[in-house]
2 protein chains.
Amino acid sequence: MGVMQQTQKSERTRLTVGDWEQGALDMIAEQGVGALAVEALARRLGVTKGSFYWHFRNRESLLRSALESWEQNEEAEVLAGIESIDEPRARLREVFHRVAHEMKSHRIYAALLKVLDHPVVLPLMGRVTQRRMQFLTEAYLQIGMPPRTAAHRARLAYAAFIGFLQLNLTLGMPRLSHEEFDAYVEHVATTLIP
Amino acid sequence: MGVMQQTQKSERTRLTVGDWEQGALDMIAEQGVGALAVEALARRLGVTKGSFYWHFRNRESLLRSALESWEQNEEAEVLAGIESIDEPRARLREVFHRVAHEMKSHRIYAALLKVLDHPVVLPLMGRVTQRRMQFLTEAYLQIGMPPRTAAHRARLAYAAFIGFLQLNLTLGMPRLSHEEFDAYVEHVATTLIP
DNA sequence: TGCTGTCAATACGCGCACGTATGGATCGGG
DNA sequence: CCCGATCCATACGTGCGCGTATTGACAGCA
């Protein structure tokens, strides 16, 4: 006993590495990677730079840690308990509908898409995107598509997902009512799942 | 007579506003909006800042002019002589195939997608995206789709286009051979055009 | 109670890119 | 030929954000 985690309820307690990482991910989700500044984040957490440079070597180090933490958790957020659905088509449809809902993880992914020139971000996004397209490809294979077609369809579906993020989150283009939005998602599902 | 345009062949001649705009668009296409720095662009054009601040009030002014110029020309680049194709489906297929080819205009569009938080870029991208989706919607209507379906399909097709840009241009994800790339484009066309 | 390790505050230096100030070069018309 | 307008070079000032250096506060433990 005696070891309190205390990463929750950060009311006037000392900060941990995890607190800084979470704060960084919050800022990235809200304002993008460019807005992740040391002093701004420190203000947000109620301290000054002096604290930051005790926990991290520099800004890059924080970014690396935060994104590493994100990479380890982003998968579970969407795929939680998805394997309980047996029918392949229904499972894929469920994935589509889940993805359509706004999640913090998606905002971060969209923010990272905008800084792919950054040497830390590029390989990470390569891995994540690769895994996700792999998942889609296997899903289409389970439906019964021939391999080549499955790969192409997976690529198309994932491209549609990325465009969806841009149009909604950043461009604010939809201007759709709630019901019309659902109708759109349904249209996508039926168009992309044979 | 007597009035030489001389915007071509910029061998040791004075620079015009159009030269700066084109240079700016080149830099944006190659390295993104963030890399558009006054002194860097001046070096690229073989002069110094002193020249720049004679032609423009500041960096923002250049960005505004350059993007305005781009907005007026980007449409023609893809749709040139597309109305010569009568059959609606064939015309749409032709648009898909043209778009699949890398063009400078697409690189600029992709670069602008990454700075949608910029107050100059956001409304411009809103207009351009709106027009393009409008075009797609009407194309699907001409095919015979009911209005709601046409709107949804246009949105899906354009989202796929945006994702396509990200996956190829910036993420470098495709790793496809030339023929496999063509097969993918063909798959997209047949999937998205009934 | 004093010591030590942990976390934070303050002050400072530095690099970069923007923007300004001012003087120099070059071209065309009277 | 020369003068004003146009175009460019050089030098400087400034703000911002990173990173460093130094000191301070506060816990647990002997």
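Reminder, nothing fancy here: chain letters follow the sequence lines and each chain counts from 1. Computation of the quantities below employed the complete heavy-atom set of this structure, encompassing side-chain atoms and omitting hydrogens, waters and symmetry-equivalent molecules.
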So B/Ser51 and B/Arg14, side chain to side chain contact (heavy atoms under 4.5 Å, CB included) or not? Walk me through it. CA-CA 10 Å; B/Ser51 172; B/Arg14 318 279 274 268; over 6 Å; no
When you list every nucleotide of DNA chain C with an atom under 4.0 Å from a heavy atom of chain B, which one comes first 5' to 3', and which comes last?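 Here the contact window of chain B covers C/dC18 to C/dC27.
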What ring-ring contact (aromatic ring centres under 6.0 Å, His included) pairs are there with at least one residue in residues 105-143 of chain A, not counting sequence neighbours?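 Matches after skipping sequence neighbours: A/His106-A/Phe161.
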Applying ring-ring contact (aromatic ring centres under 6.0 Å, His included), which residue pairs with at least one partner in residues 64-105 of chain A are found, sequence neighbours left out? none
Please determine, by modelled atom types, if B/Tyr158 and B/Arg132 share a side-chain donor-acceptor pair under 3.5 angstrom.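 B/Arg132 and B/Tyr158 do have a side-chain donor-acceptor pair below 3.5 Å.
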Side-chain donor/acceptor pairs under 3.5 Å, residues 82-92 of chain B, sequence neighbours excluded:
| residue | atom | partner | partner atom | Å |
| --- | --- | --- | --- | --- |
| B/Ser84 | OG | B/Gly81 | O | 3.0 |
| B/Glu87 | OE1 | B/Arg89 | N | 3.3 |
| B/Glu87 | OE1 | B/Ala90 | N | 3.1 |
| B/Arg89 | NH1 | B/Pro194 | O | 3.0 |
| B/Arg91 | NH1 | B/Ile85 | O | 2.6 |
| B/Arg91 | NH1 | B/Asp86 | O | 3.2 |
| B/Arg91 | NH2 | B/Gln142 | OE1 | 2.6 |

Ignoring hydrogens and angles, write down the donor-acceptor pairs under 3.5 Å from the side chains of residues 24-33 of chain A, residues two or more places apart or on other chains.
| residue | atom | partner | partner atom | Å |
| --- | --- | --- | --- | --- |
| A/Asp26 | OD1 | A/Lys104 | NZ | 2.6 |
| A/Glu30 | OE1 | A/Arg44 | NH1 | 3.4 |
| A/Glu30 | OE1 | A/Arg44 | NH2 | 3.4 |
| A/Glu30 | OE2 | A/Arg44 | NH2 | 3.1 |

For a quick check, with a 4.0 angstrom heavy-atom cut-off, what is the B/S/- contact string for nucleotides 7-18 of chain D, read 5' to 3'? BBBBB------B
More than 12 heavy atoms of other residues, nucleotides or ligands under 6.0 Å from CZ of B/Arg127: yes or no?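 Result for CZ/B/Arg127: enclosed.
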